[in-house]
Colleague: 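Mind looking over this structure? Questions follow.
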Amino acid sequence: MNERVEMLRSFYNEHKKFTYEFRKQQLQKLKAAVLKHEQELYNALHSDLKKTAEESWVTEVGFLVAEINHTLKHLHSWMKPKRVATNLMNLPGKSFVYKEPLGVVLIIGPWNYPVQLLLTPLVGAIAAGNCAVLKPSELAPATSAVMKKIIEENFSDQYLLYIEGEGARIIPQMIDSFHFDHIFYTGNSRVGKIIYEMAARQLIPVTLELGGKSPCIVDSDAKIKVAAKRIALATFSNAGQMCVAPDYILVHQSVKENFVNELKKAIQQFFSHDASTSHYYGKIINEKQFSRLVSYLQHGKIIHGGKYDVSTHYIEPTLIEDVAFESSLMNEEIFGPILPIVPFATFNDAKVIIDRNPDPLAFYIFTESSQKEKEWIEKIRFGGGCVNNASWHLTNFNLPFGGVGNSGIGAYHGKYSFEVFSHQKAIMKTPTWFDPKIKYPPFKGKLNLFKKIIR
């Protein structure tokens with residue numbers, strides 16, 4: 001495997017700074033290959049996670065295609081050197097920022113959105129002119145097999161190398177034996193810390209897209225019926241296995257009963273009275289995750305749902321209340337279809353609860369008050385979020401997507417993906433026709449003049 005990775009370095013060094021035409025062709029090739037294998041991807045995603053074709057298009061395949069289209073539209077302008085202002089001290093010079101590829105990058109994808117979260121970062125890596133090693137999650141084997149076919153049938157393994165296998169064994173081996181120019185990891189914070197430590201030993205820069213307990217606020221003036229539908233959609237899509245799903249609801253005590261009733265209605269509307277028979281409701285990825293989630297059902301009072309079936313990895317959309325703040329349900333990312341409902345009375349009451357698990361990846365606030373909206377956004381630190389919606393901010397590739405603090409390092413999507421995988425090289429061009437003596441020693445008596453120039 002080490003020899004195969006080394007071949008990428010040789011290929012990159014031989015073809016440094018891939019041209020615009022080359023990058024464009026690779027992106028077009030990736031798009032065509034994904035669309036060619038569209039039905040196979042649908043079948044694989046259904047096998048791994050029981051995703052429907054509709055959900056797979058919106059959150060996986062179509063999401064990726066839209067990212068490629070956006071990148072192709074803007075790539076030429078992104079690649080151009082950008083002229084920036086020059087300060088007084090360096091006039092009449094001119095200043096520019098050049099975007100250069102980093103080299104050979106490693107992209108590590110998770111299992112919950114196996115197509116989107118492995119291949120969307122790849123779009124940025126290709127656009128920026130890099131070679132890449134792709135490591136999919138072994139926990140979504142059917143989808144991984146289709147992506148392997150897509151990559152290996154269309155790209156040289158000296159340019160894009162697809163490596164399967166057990167991540168805990170293969171990833172440390174790769175990082176310890178090869179100096180990547182960047183590592184992009186999406187997954188949980190426990191593994192993220194391990195990768196960060198390994199990268200730090202070689203001073204390899206990283207992008208860590210982690211998770212956390214993303215709060216969702218339903219304030220007293222929220223449009224309750226709309227809030228319930230949007231929260232139900234975001235929370236129970238992919239059976240709750242989404243890093244930006246609302247992890248718990250903080251609902252103002254004055255509207256709690258109404259909100260819970262509307263949330264139950266929305267769940268039944270979306271997934272019927274028996275979600276196990278619903279075509280649109282997913283399954284838990286494996287037995288390990290299933291057992292972890294089932295254990296959470298004992299941590300409070302179930303007010304809706306709670307049924308499960310180990311044979312199909314099915315857990316019903318579940319609402320739970322009266323959960324102790326010391327419970328693991330309120331201290332670990334749930335990553336499943338279990339939603340704690342917590343009432344609050346004041347902003348400060350809610351903030352105390354949020355601060356128990358600081359720096360969430362996402363934050364959602366439902367309110368009709370611009371003043372409340374401003375207070376929530378400015379006083380809570382989080383990666384990104386929505387007002388009167390949940391999770392959909394990540395679908396806008398004009399917005400940077402990423403965490404802060406405990407929920408991650410760096411951001412991507414659209415132009416931000418291009419920049420993640422680029423080095424910004426600063427260049428200043430100084431003409432020779434203007435060469436004042438003031439710039440050279442001796443400097444005695446020039447202090448006041450220097451103070452006028454440099455402020």
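Just so we're clear, the structure is a prediction, and the values are computed from it rather than from any experiment.
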Colleague: Compare all side-chain heavy atoms of Val342 with those of Phe325 and state whether any distance is below 4.5 angstrom.
Modeller: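 SC-SC contact between Val342 and Phe325 confirmed.
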Colleague: Under a 3.5 Å distance rule, please check whether Ser407 uses its side chain to pair with a backbone N or O of Val404 as donor and acceptor.
Modeller: yes
Colleague: So do the side chains of Ile175 and Ile171 get within less than 4.5 Å of each other, counting heavy atoms only?
Modeller: yes
Colleague: Are the side chain of His179 and the backbone N or O of Gln202 linked by a donor-acceptor pair below 3.5 Å?
Modeller: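 Yes, because the side chain of His179 sits within donor-acceptor range (under 3.5 Å) of the backbone of Gln202.
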Colleague: Are the side chain of Glu419 and the backbone of Gln424 linked by a donor-acceptor contact shorter than 3.5 Å?
Modeller: no
Colleague: Taking the side chain as every heavy atom from C-beta outward, state whether Leu30 and Asn154 have any pair of such atoms under 4.5 Å apart.
Modeller: no
Colleague: How many angstroms lie between atom CE of Met198 and atom CG of Asp176, to the nearest 0.5 angstrom?
Modeller: 6.5 Å
Colleague: Rounded at 0.5 Å granularity, tell me how far CG in Asn406 sits from CG in Asp359.
Modeller: 5.0 Å
Colleague: Whether the Asp48 and Thr143 side chains hold a donor-acceptor pair (N or O, under 3.5 Å, no angle test) is what I'd like checked.
Modeller: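 Distance-only check passes for Asp48 and Thr143.
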Colleague: Is the distance between the ring centroids of Phe178 and Phe180 under 6.0 Å?
Modeller: yes
Colleague: For Val65 versus Lys31, what's the shortest heavy-atom pair and its separation?
Modeller: CG1-CE, 4.1 Å
Colleague: Run the numbers on Thr367 and Asp221 for side-chain hydrogen bond (donor to acceptor under 3.5 Å, both in side chains), then give the verdict.
Modeller: CA-CA 6 Å; Thr367 179; Asp221 62 337; 2.9 Å; yes
Colleague: Is the shortest heavy-atom distance from the side chain of Val420 to the side chain of His182 under 4.5 Å?
Modeller: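 Yes, their side chains come closer than 4.5 Å.
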Colleague: Give me each pair satisfying ring-ring contact (aromatic ring centres under 6.0 Å, His included) with a member in residues 93-143, each pair once, sequence neighbours excluded.
Modeller: Trp111-Phe335
Colleague: Say whether, by atom type as modelled, one donor and one acceptor occur between the side chain of Ser47 and the main chain of Asn43 under 3.5 angstrom.
Modeller: no
Colleague: Working note: Phe401 + Leu361, criterion side-chain contact (heavy atoms from CB on, under 4.5 Å); need CA distance, chi angles, decisive distance, verdict.
Modeller: CA-CA 9 Å; Phe401 176 77; Leu361 176 60; 4.2 Å; yes
Colleague: Check whether any side-chain heavy atom of Ser391 lies under 4.5 Å from a side-chain heavy atom of Tyr364, and answer yes or no.
Modeller: yes
Colleague: Please indicate whether Lys36 has more than 12 foreign heavy atoms, meaning atoms of other residues, nucleotides or ligands, lying under 6.0 Å from its NZ.
Modeller: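 Counting neighbours around NZ of Lys36, 12 or fewer heavy atoms of other residues, nucleotides or ligands fall under 6.0 Å, so no.
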Colleague: Ignoring hydrogens, what is the shortest heavy-atom contact between Pro400 and Ala411? Give both atom names and the distance.
Modeller: CB-CB, 3.8 Å
Colleague: Where is the tightest heavy-atom contact between Pro340 and Ile334, given as atom of each residue plus distance?
Modeller: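 Minimum heavy-atom contact is CD-CD1, 3.5 Å.
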Colleague: Decide yes or no for Leu250 and Ile354: does some side-chain heavy atom of the first lie under 4.5 Å from some side-chain heavy atom of the second?
Modeller: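 Yes, close enough: below the 4.5 Å cut-off.
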Colleague: Looking only at atom types and distance, does a side-chain atom of Asp181 sit under 3.5 Å from a main-chain N or O of Val104, one as donor and one as acceptor?
Modeller: yes
Colleague: Report the residue from Thr86, Thr430, Asn90, Asn87 that forms a side-chain hydrogen bond (donor to acceptor under 3.5 Å, both in side chains) with Ser95.
Modeller: Thr86
Colleague: Dump the intermediate steps for side-chain contact (heavy atoms from CB on, under 4.5 Å) on Leu119 and Glu67, then the final yes or no.
Modeller: CA-CA 10 Å; Leu119 300 187; Glu67 182 86 11; over 6 Å; no
Colleague: Tell me if a side-chain donor or acceptor on Ser214 pairs with a main-chain N or O of Ala362 at a distance below 3.5 Å.
Modeller: yes
Colleague: Take Gln26 and Arg23, measure what side-chain hydrogen bond (donor to acceptor under 3.5 Å, both in side chains) needs, and give me the verdict at the end.
Modeller: CA-CA 5 Å; Gln26 306 316 302; Arg23 301 181 199 188; over 6 Å; no
Colleague: Looking at Glu378 and Lys374, does any basic side-chain N land under 4.0 Å from a carboxylate oxygen?
Modeller: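 Yes, this pair counts.
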Colleague: Do Leu160 and Ile126 pass the side-chain contact (heavy atoms from CB on, under 4.5 Å) test, and can you show the C-alpha distance, the side-chain angles, and the key distance before you say yes or no?
Modeller: CA-CA 9 Å; Leu160 300 181; Ile126 291 173; 4.3 Å; yes
Colleague: For the residue pair Ala132 and Leu8, what are the closest heavy atoms and their distance?
Modeller: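 Result for this residue pair: O-CD2, 3.3 Å.
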Colleague: Verify side-chain contact (heavy atoms from CB on, under 4.5 Å) between Phe347 and Lys379, making sure each step is shown before the conclusion.
Modeller: CA-CA 10 Å; Phe347 173 90; Lys379 293 187 177 179; 3.7 Å; yes
Colleague: How about His413 and Phe63: are their ring centres within less than 6.0 Å of each other?
Modeller: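 Yes, the ring centres sit under 6.0 Å apart.
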Colleague: Minimum heavy-atom separation for Leu139 to Ile285, with atom names?
Modeller: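 Looking at all heavy atoms of both residues, the closest pair is O-CD1, 3.3 Å.
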Colleague: How long is the gap from CG on Asn348 to CD1 on Ile353, to the nearest 0.5 Å?
Modeller: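 Interatomic distance, Asn348 CG to Ile353 CD1, rounded to 0.5 Å: 11.5 Å.
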Colleague: Going by the angle between their ring planes, with limits at 30° and 60°, are Phe450 and Phe443 parallel, tilted or perpendicular?
Modeller: perpendicular
Colleague: Go through Lys148 and Glu152 one step at a time and tell me if the salt bridge (charged side-chain N to carboxylate O under 4.0 Å, His left out) criterion holds.
Modeller: CA-CA 6 Å; Lys148 178 183 175 71; Glu152 294 188 348; 3.0 Å; yes
Colleague: Can you tell me if Asp219 uses its side chain to pair, donor with acceptor, with the backbone of Phe366 under 3.5 Å?
Modeller: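 No.
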Colleague: Side chains of Glu209 and Tyr412: donor-acceptor distance under 3.5 Å anywhere?
Modeller: no
Colleague: Would you say NZ of Lys193 has more than 12 non-hydrogen atoms from neighbouring residues, nucleotides or ligands within 6.0 angstrom?
Modeller: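 For Lys193, atom NZ is not crowded (no more than 12 foreign heavy atoms under 6.0 Å).
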Colleague: If I compare all heavy atoms of Ala127 with all of Leu75, which pair ends up nearest, and what's the gap?
Modeller: O-CD1, 3.4 Å
Colleague: State, yes or no, whether a side-chain contact exists between Val226 and Asn388 at a heavy-atom distance under 4.5 Å.
Modeller: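 SC-SC contact between Val226 and Asn388 ruled out.
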Colleague: Nearest 0.5 Å, please: how far is CD in Glu333 from SG in Cys243?
Modeller: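 One finds 7.0 Å between SG of Cys243 and CD of Glu333.
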Colleague: I'd like to check the salt bridge (charged side-chain N to carboxylate O under 4.0 Å, His left out) partners of Arg356; sequence neighbours left out, ordered by chain and number.
Modeller: none
Colleague: Spell out, as yes or no, whether a donor-acceptor pair under 3.5 Å connects the side chain of Asn238 to the backbone of Asn112.
Modeller: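 At least one qualifying donor-acceptor pair exists.
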Colleague: Return each pair, listed once, that meets ring-ring contact (aromatic ring centres under 6.0 Å, His included) where at least one residue sits in residues 140-175; pairs must be two or more places apart or across chains.
Modeller: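 Residue pairs with at least one partner in residues 140-175: Phe18-Tyr159, Phe22-Tyr159.
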Colleague: So His252 and Phe344, would you call those rings parallel, tilted or perpendicular, with 30° and 60° as cut-offs?
Modeller: perpendicular
Colleague: How many angstroms lie between atom OG1 of Thr395 and atom CD of Gln116, to the nearest 0.5 angstrom?
Modeller: 9.5 Å
Colleague: Would you mind reporting whether Lys213 and Tyr248 have side-chain heavy atoms less than 4.5 Å apart?
Modeller: yes
Colleague: Tell me if the CD atom of Gln371 is crowded by more than 12 foreign heavy atoms within 6.0 Å.
Modeller: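 For Gln371, atom CD is not crowded (no more than 12 foreign heavy atoms under 6.0 Å).
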Colleague: Test your reading of the model: is there a side-chain donor-acceptor pair from Lys446 to the backbone of Lys439, 3.5 Å cut-off?
Modeller: no
Colleague: For the CG atom of Asp355 and the CD1 atom of Ile380, what is their distance to the nearest 0.5 Å?
Modeller: 6.0 Å
Colleague: Under 6.0 Å between ring centres: does that hold for Phe184 and Phe421?
Modeller: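 Judged by ring-centre distance (under 6.0 Å), Phe184 and Phe421 do meet the cut-off.
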Colleague: Could you point out which residue of Glu40, His46, Glu38 forms a side-chain hydrogen bond (donor to acceptor under 3.5 Å, both in side chains) with Tyr42?
Modeller: Glu38
